[in-house]
There are 2 protein chains.
Amino acid sequence: MNSEILEKYITSLLPMPAYKAKLFANQFEFLESQKNELLLEENKISKETHFLESGFIRSFTFDNNGNEVTTNIFSAPCFVNDFLSFFKQQPTKENIQTLTNCRLWKMSFQAVQSNFHSYPEFREFGRMMLVTNYSILQDRMLGMIKHTAENRYLKLMKLHPHIFQNVPLKIIASYLGITDTSLSRIRKEISNK
Amino acid sequence: MNSEILEKYITSLLPMPAYKAKLFANQFEFLESQKNELLLEENKISKETHFLESGFIRSFTFDNNGNEVTTNIFSAPCFVNDFLSFFKQQPTKENIQTLTNCRLWKMSFQAVQSNFHSYPEFREFGRMMLVTNYSILQDRMLGMIKHTAENRYLKLMKLHPHIFQNVPLKIIASYLGITDTSLSRIRKEISNK
DNA sequence: TTTATTTCTTGCCAAATGGCAAGTGTATTT
DNA sequence: AAATACACTTGCCATTTGGCAAGAAATAAA
């Protein structure tokens, strides 16, 4: 199995010699996942970290009326995790579900801990992954405060255009913090310009 | 200087023997800060991590019209950081400003790195701090998607009532993602019930 | 192909929130 | 005390977004 994409991703988070990135990448196990599989289920404990090589994944939970709320959309290449459940080994509040067929790499919690212990670069890489994801979430939060739904839509369109060919609009709408009805109108508005 | 609160906070993030928490706490340097001081300024690099023992702090940036946007409000006890700027040692996009007089503890980036290298527990503690803050931000994001402004207000009121005695409403409004005008109306609505 | 199922759009109206400006109140400074 | 700055509220109206239901379009299943 060719782990080149994973290696490149690791190096992009923390520059390191190619052999080292390969060493780390080789400790991940490859898996393929069909559309609509659950990688993590509410109330269970996240036992492994996932790297998404290709495909789309979302995390979701439910609001007080029992409606699904999409909390995140993951667009390859990236890591897909519930950090709280994984690092604290406690039950998650979210569901993580593939939206398309996916190519994935996983590593168990034990293996991660062991690598943290053995390799300073692996620790540093793990920290960079956390910091990067924190920063992405922060940007998204800032967008929620200072942009309209239309601007958030346009921004997502620009940053991750492929999502729109692979993810239903109702899921994208929920991720953007609006209803599918409103998203439909926003798209109409834009196409009228 | 008594670092008991810091020690307790460290232990709450990662259970450890008291002597170890004390060892780590002792490596922080105490400082007092007056109201309205800037701990970090846009485009500068965050050189130290801060623990807020008492007082209130906010982070803010500007929207496209040059208006301030409050991105976060920190209510003691907690850590106050721009993780991206601190851990990557790159220029920040935010300003961090005290809203009241504050009691603080700081540690330089070099000291943090050195402690990460020397103490597995310190690394673990650092990771827990990141994970915890990520999770808090995630909850806030979820709230933006699934709650109305009124519900977000009530939730903040319940979780951090002291903020309302110490932070101007216009700053709280911005943090909640609404205008001060709307917040004023929401408060009126609630008091009418 | 036909039938179901899901997704997306649209019309109607209600509710939530924003923009602006004026007015009131409350600190702070001089 | 007077003057100044800042924080908060309110009225008026515009804009954004939501809720519901019906229908159209696309997709999946039989």
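Convention: sequence-line order gives letters A, B, ...; per-chain numbering from 1. What you see below is based on every heavy atom in this structure, not just the backbone, and it leaves out hydrogens, waters and symmetry mates.
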Considering only [options], which nucleotide approaches the side chain of [X] most closely?
X: A:T148; options: D:dA28, C:dG18, D:dT17; answer: D:dT17
X: A:T181; options: D:dT9, D:dG19, D:dT10; answer: D:dG19
X: A:D180; options: D:dT10, C:dT17, C:dT9; answer: C:dT9
X: B:K188; options: C:dT7, C:dT17, D:dT10; answer: D:dT10
X: A:I178; options: C:dT9, D:dA7, D:dG18; answer: D:dG18
X: A:R185; options: D:dA7, C:dG11, D:dT10; answer: C:dG11
X: A:K35; options: C:dT9, D:dC12, D:dA28; answer: D:dA28
X: B:S182; options: C:dG18, D:dT10, C:dT9; answer: C:dG18

Which whole-number value in Å describes the distance from [X] [atom1] to [N] [atom2]?
X: B:E189; N: D:dT10; atom1: CD; atom2: C1'; result: 13 Å
X: B:L176; N: C:dA16; atom1: CG; atom2: C1'; result: 15 Å
X: B:I190; N: D:dT9; atom1: CD1; atom2: C1'; result: 15 Å
X: A:L154; N: D:dT16; atom1: CG; atom2: P; result: 13 Å
X: A:L183; N: C:dT7; atom1: CG; atom2: P; result: 14 Å
X: A:R187; N: C:dT7; atom1: CZ; atom2: C1'; result: 12 Å
X: B:R152; N: C:dA16; atom1: CZ; atom2: C1'; result: 11 Å
X: B:M144; N: D:dT17; atom1: CE; atom2: P; result: 12 Å

Parallel, tilted or perpendicular: rings of B:Y119 and B:F24 (30°, 60°): perpendicular
Inter-residue atom distance B:T49.OG1 - B:F109.CZ, 0.5 Å rounding: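 These two atoms lie 11.0 Å from each other.
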Co-membership, hydrophobic cluster, residues A:L6 and A:F74, 4.5 Å side-chain: no
Derivation of the salt bridge (charged side-chain N to carboxylate O under 4.0 Å, His left out) call for A:R185 and A:E150: CA-CA 10 Å; A:R185 283 182 193 121; A:E150 176 169 344; over 6 Å; no
Residue pair B:H162 / B:F56, side-chain heavy-atom distance below 4.5 Å: yes
Touch class at under 4.0 angstrom, heavy-atom based, for B:T179 against every strand present: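 Sugar-phosphate, no base atom in range.
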